[in-house]
Undergrad: 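Encoded as structure tokens, here's the structure I'll be asking about.
Note on naming: letters A, B, ... go to the chains in the order of the sequence lines (proteins, then strands), and numbering restarts at 1 for each one.
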Protein chains: 2
Amino acid sequence: MYEGVVQDLIDELGRLPGIGPKSAQRIAFHLLQAEAADVRRLAEVLLEVKARVKFCSTCFNVAEEDQCRICTDPRRDPTLLCVVEEYKDVVAIERTREFKGRYHVLGGAISPIDGIGPEQLHIRELLTRLADDTVGEVILATDPNLEGEATATYLTRMLNPLGLRVTRLASGLPVGGDLEYADEVTLGRAFVGRQAAT
Amino acid sequence: MYEGVVQDLIDELGRLPGIGPKSAQRIAFHLLQAEAADVRRLAEVLLEVKARVKFCSTCFNVAEEDQCRICTDPRRDPTLLCVVEEYKDVVAIERTREFKGRYHVLGGAISPIDGIGPEQLHIRELLTRLADDTVGEVILATDPNLEGEATATYLTRMLNPLGLRVTRLASGLPVGGDLEYADEVTLGRAFVGRQAAT
């Protein structure tokens, strides 16, 4: 329908997550009229990301070297290990500035419906990291949804016998929200996990 | 916050129309995990679009040669000229199969608020095309919104004294919308029911 290469661009853009046919078309037309230098920069950064971004050989976080910036930072506490599903969870936790330890990125969560079992995740590598007894506490920071909870439960059962401290992030009301809008499960967890007021 | 090149990618994606920071992040993470070949194909098609897509020297439609496929097609009626704002309007009208003439793409619509006056559009080139009296009817198919109506009115006043037939698409197009989003039947009916511009 469109000139060949324009249709190719619309098709390629339409494969990206959250981009429907109309959005793909809109972006393609924008790019047709954009400065050639701007489009070239986008193309270059796409190629560069694939060329330069690797995954940390220790924790599977995104890295530009063999190890990520967190694993190589001597100021990070090696006795605290936070287990997350994805790279973006690392970024979210780093943004809080609450955590000074290191990470282990599983690469997803256990989800039988998607064919993802423990062997598809970086769990064997987690056990290897724990073998030298440097880590004293493992914080399970998987997503608070079905798959994340299943993964945390699996890891809890596996790690508790090893004699190290295994903790999970607190569930409760989101800060800044309205109590009346919280779902029942969240509100219930907030009750169960209530703490002494100070 | 993110590793340098990942943040660069998020920034570049965030500059695209309709892509907010969260979508940019989501697409970037998708691309991080995508096959290198898929990402390379997207980058290549971006570069190719800028390298290969030109604008027709006659009608300013998108073209891969000096002239577009419609201007060089001898089966298209040279006496009928449809004036549209953008390339995507050509595609929308072609989809109806109602129109057998040729196009003139203005490159936008008159919009004083955006600093776009008649001299920013391909109106001088339109007059040049009309000079040899081949064209018997000019169909004004600008968007049925404020800017499109203003442009059509401007062109009507300019073209009517030239003694050729000047028509506008029939109302029936939803007012306030964009021409490209009209369904084929509506747009086709609007062609059949076009009326003399006043």
Undergrad: Only pairs of heavy atoms separated by less than 4.5 Å count here; which of B:L47, B:D11, B:L13 has the most with chain A?
TA: B:L47
Undergrad: Return the option, out of A:R40, A:R52, A:R26, A:R15, with the maximum number of heavy-atom pairs under 4.5 Å with chain B.
TA: A:R26
Undergrad: Give the intermediate values and the outcome of side chain to side chain donor-acceptor pair (under 3.5 Å) for residues A:E85 and A:T142.
TA: CA-CA 6 Å; A:E85 294 180 20; A:T142 53; 4.7 Å; no
Undergrad: Using heavy-atom distances under 4.5 Å, tell me whether A:D38 contacts chain B through its side chain, its backbone, both, or neither.
TA: backbone
Undergrad: Would you mind checking which part of A:Q33 comes under 4.5 Å of any heavy atom in chain B, side chain (CB onward), backbone (N, CA, C, O), both or neither?
TA: both
Undergrad: Could you check which of A:S23, A:G107, A:A34 has the highest count of heavy-atom pairs closer than 4.5 Å to chain B?
TA: A:A34
Undergrad: May I ask you to decide if A:A109's main-chain N or O and A:T151's side chain share a donor-acceptor pair within less than 3.5 Å?
TA: no
Undergrad: Under the side-chain hydrogen bond (donor to acceptor under 3.5 Å, both in side chains) test against A:Q67, which residue among A:N61, A:T58, A:D73 passes?
TA: A:T58
Undergrad: Heavy-atom count around B:R157 CZ within 6.0 Å, excluding the residue itself: above 12?
TA: no
Undergrad: Regarding A:T79 and A:E137, is there a side-chain donor-to-acceptor distance under 3.5 Å anywhere?
TA: no
